[in-house]
Amino acid sequence: MSRMDSPPLRWGIIGCGDVCEAKSGPGLQKAQRSELVAVMRRRGDKAADYARRHGVMRWYDDADALIADPNVEAVYIATPPDSHLDYTRRAALAGKPVYVEKPMARTAEECRDMVASCRGNGVPLFVAYYRRQLPTFLKAEELLRDGAIGELRFVSLRLFGSASEADMTPGATPWRVQPEIAGKGGYFHDLGCHQLDLLDYLLGPIDDVSGYGLNQAGLYGCDDTVSASWRHASGVMGSGLWNFVAYEGSRMEAIDIVGTDGRLRTCAFDLERPLLLERAGAGPKPIHCPVPEHVQQPLIQTVVDAIADRGECPSTGDSALRTAEVMDRILTG
């Protein structure tokens, strides 16, 4: 049997919630040499409903049962961050490769434990920082590598938002701003991690960072405002500001990478927005790139290929740990 004709990698999902509806679940089904065979949620009726709608053979309401299923060869963990460490340990102990949602965990210490658990049990660990394989950011990488804006000097990152009605309702705040579930950073942990991981990919690792996290509005137990400055190992300087309790009209996101000959503007969340390439003496040039129907599918393909020793995945436990360490250092000042 040729490598291309080898049986598909059979996946099980722990936590088949919203992120699995379009972003990831169908990607596991549509990637080459990949098959989704089982799903799990603590509420069995919801697991059964997902399985029925997506044509998945088995469903469970117990994570250990899914992990123990001999038909499940690899485990995708799509639960909130507070359970990532526990489920990763269990899957690794069973000898099954792990693909885990972002943020990788609540703290860098938990992330280090996940890396050690997988390494100690001889299984690979991957993290769903899927922007590393989206056409927009592959194009951005190409432009930067080819010197489209000259020698790189600095990057400026901004993300501003306003409080939602749920944020302002005591006892009903989303899990993303419950520190025991999401981590101290709240929305910064949930959203800022994508941006900082993207910069790790485009500009290389950050080797020095400082910052502050504050709870300005007091609506919930997490920080709602974060500022940071950093230096990439390449010498590129960076600064960032995140605020999630400003007035509604302030909502915006921008990542500006500036060099000696121009600027490249992108953003991590509005995936339909084109790259803007601005060079000395010329106005901004929009560069449109396609957005996959299932945004995690390109990264999932690299995970499947890496497990089969057919290629490499750009988002591993080691790369995601770097992002977690940067965020911890920002939030601890």
Side-chain angles (χ1 to χ4, degrees), residues 13-24 40-47 49-50 61-63 77-88 100-111 114 127-128 157-197 211-228 240-254 267-270 323-324 326-333:
I13 297 178
I14 297 177
C16 52
D18 290 344
V19 72
C20 297
E21 287 294 337
K23 289 183 178 181
S24 59
M40 172 269 167
R41 285 189 73 165
R42 285 178 295 179
R43 282 188 53 178
D45 59 328
K46 289 185 175 292
D49 176 66
Y50 184 97
D61 59 9
D62 178 79
I77 300 167
T79 56
D82 62 324
S83 58
H84 288 182
L85 170 58
D86 180 40
Y87 287 141
T88 297
V100 65
E101 265 304 323
K102 46 56 59 184
M104 184 174 168
R106 293 173 295 186
T107 64
E109 182 178 2
E110 290 184 343
C111 294
M114 293 164 68
V127 182
L157 190 160
R158 289 161 289 165
L159 178 60
F160 306 147
S162 58
S164 68
E165 183 175 347
D167 292 338
M168 296 183 286
T169 305
T173 53
W175 66 259
R176 288 175 173 83
V177 290
Q178 297 179 36
E180 67 277 10
I181 298 176
K184 179 179 183 292
Y187 289 126
F188 172 68
H189 257 127
D190 186 53
L191 302 173
C193 68
H194 266 309
Q195 298 169 306
L196 290 167
D197 181 82
Y212 299 93
L214 297 174
N215 187 330
Q216 290 186 321
L219 298 176
Y220 38 72
C222 296
D223 292 335
D224 55 30
T225 304
V226 177
S227 66
L241 180 61
W242 297 261
N243 187 288
F244 302 102
V245 289
Y247 86 106
E248 188 170 349
S250 70
R251 288 177 174 267
M252 64 91 67
E253 184 211 358
C267 67
F269 300 110
D270 184 357
T323 295
V326 166
M327 298 184 79
D328 270 16
R329 291 167 66 186
I330 290 171
L331 291 172
T332 58

Fill in the blank from the handout: Looking only at heavy atoms, the pair that brings Tyr50 and Cys20 closest together is OH-O, 2.8 Å
Exercise for the section: Could you tell me whether the side chain of Asp224 and the main chain of Ala217 form a donor-acceptor pair under 3.5 Å? Expected result: yes
Practice task
Under the side-chain contact (heavy atoms from CB on, under 4.5 Å) rule, what do Thr79 and His84 come out as? Steps first, then yes or no, please.
Solution key: CA-CA 7 Å; Thr79 56; His84 288 182; 3.5 Å; yes
Exercise for the section: Decide salt bridge (Lys or Arg N to Asp or Glu O under 4.0 Å) for Asp190 and Lys102; before the verdict, give the C-alpha distance in whole Å, the side-chain angles of both, and the deciding distance to 0.1 Å. Expected result: CA-CA 7 Å; Asp190 186 53; Lys102 46 56 59 184; 3.1 Å; yes
Completion exercise
Looking only at heavy atoms, the pair that brings Gln216 and Thr225 closest together is OE1-OG1, 2.9 Å
Handout entry: Flag if over 12 foreign heavy atoms under 6.0 Å of NZ, Lys23
Key = no
Exercise for the section: Report yes or no: does Asn215 contribute a side-chain atom to a donor-acceptor pair with the main-chain N or O of Tyr220 at less than 3.5 Å? Expected result: yes
Exercise for the section: Report yes or no: does Gln195 contribute a side-chain atom to a donor-acceptor pair with the main-chain N or O of Leu157 at less than 3.5 Å? Expected result: no
Problem - Verdict with reasoning, Arg106 to Asp82, per salt bridge (Lys or Arg N to Asp or Glu O under 4.0 Å) - result: CA-CA 6 Å; Arg106 293 173 295 186; Asp82 62 324; 5.3 Å; no
Completion exercise
For Pro103 and Pro81, the nearest pair of non-hydrogen atoms, with its separation, is CG-CG, 3.8 Å
Exercise for the section: For the pair Ile77 and Thr88, evaluate side-chain contact (heavy atoms from CB on, under 4.5 Å) and give the outcome as yes or no after the intermediate values. Expected result: CA-CA 8 Å; Ile77 300 167; Thr88 297; 3.4 Å; yes
Practice task
Would you name the heavy atoms of Gly17 and Arg41 that are closest together and state the gap between them?
Solution key: CA-NH1, 3.9 Å
Exercise for the section: Using atom types as modelled and distance alone, determine if a side-chain donor or acceptor of Asp49 lies under 3.5 Å from a backbone N or O of Lys46. Expected result: no
Exercise for the section: Output, in order, the C-alpha distance, side-chain angles, deciding distance and verdict of side-chain contact (heavy atoms from CB on, under 4.5 Å) for Leu191 and Arg176. Expected result: CA-CA 10 Å; Leu191 302 173; Arg176 288 175 173 83; over 6 Å; no
Practice task
For residues Val19 and Glu101, report the shortest heavy-atom separation together with the two atoms involved.
Solution key: CG2-OE2, 3.8 Å
Handout entry: CG/Asp270: more than 12 non-hydrogen atoms of other groups inside 6.0 Å
Key = yes
Handout entry: Sole candidate of Val177, Val226, Leu159, Asp223 that passes side-chain contact (heavy atoms from CB on, under 4.5 Å) when paired with Phe244
Key = Leu159
Exercise for the section: Evaluate whether atom CD of Glu109 has more than 12 neighbouring non-hydrogen atoms of other residues, nucleotides or ligands under 6.0 angstrom away. Expected result: no
Exercise for the section: Check the surroundings of atom OH in Tyr212: do more than 12 heavy atoms from other residues, nucleotides or ligands lie under 6.0 Å from it? Expected result: no
Fill in the blank from the handout: What one should report as the nearest heavy-atom pair of Trp242 and Gly192 is NE1-CA, 3.8 Å
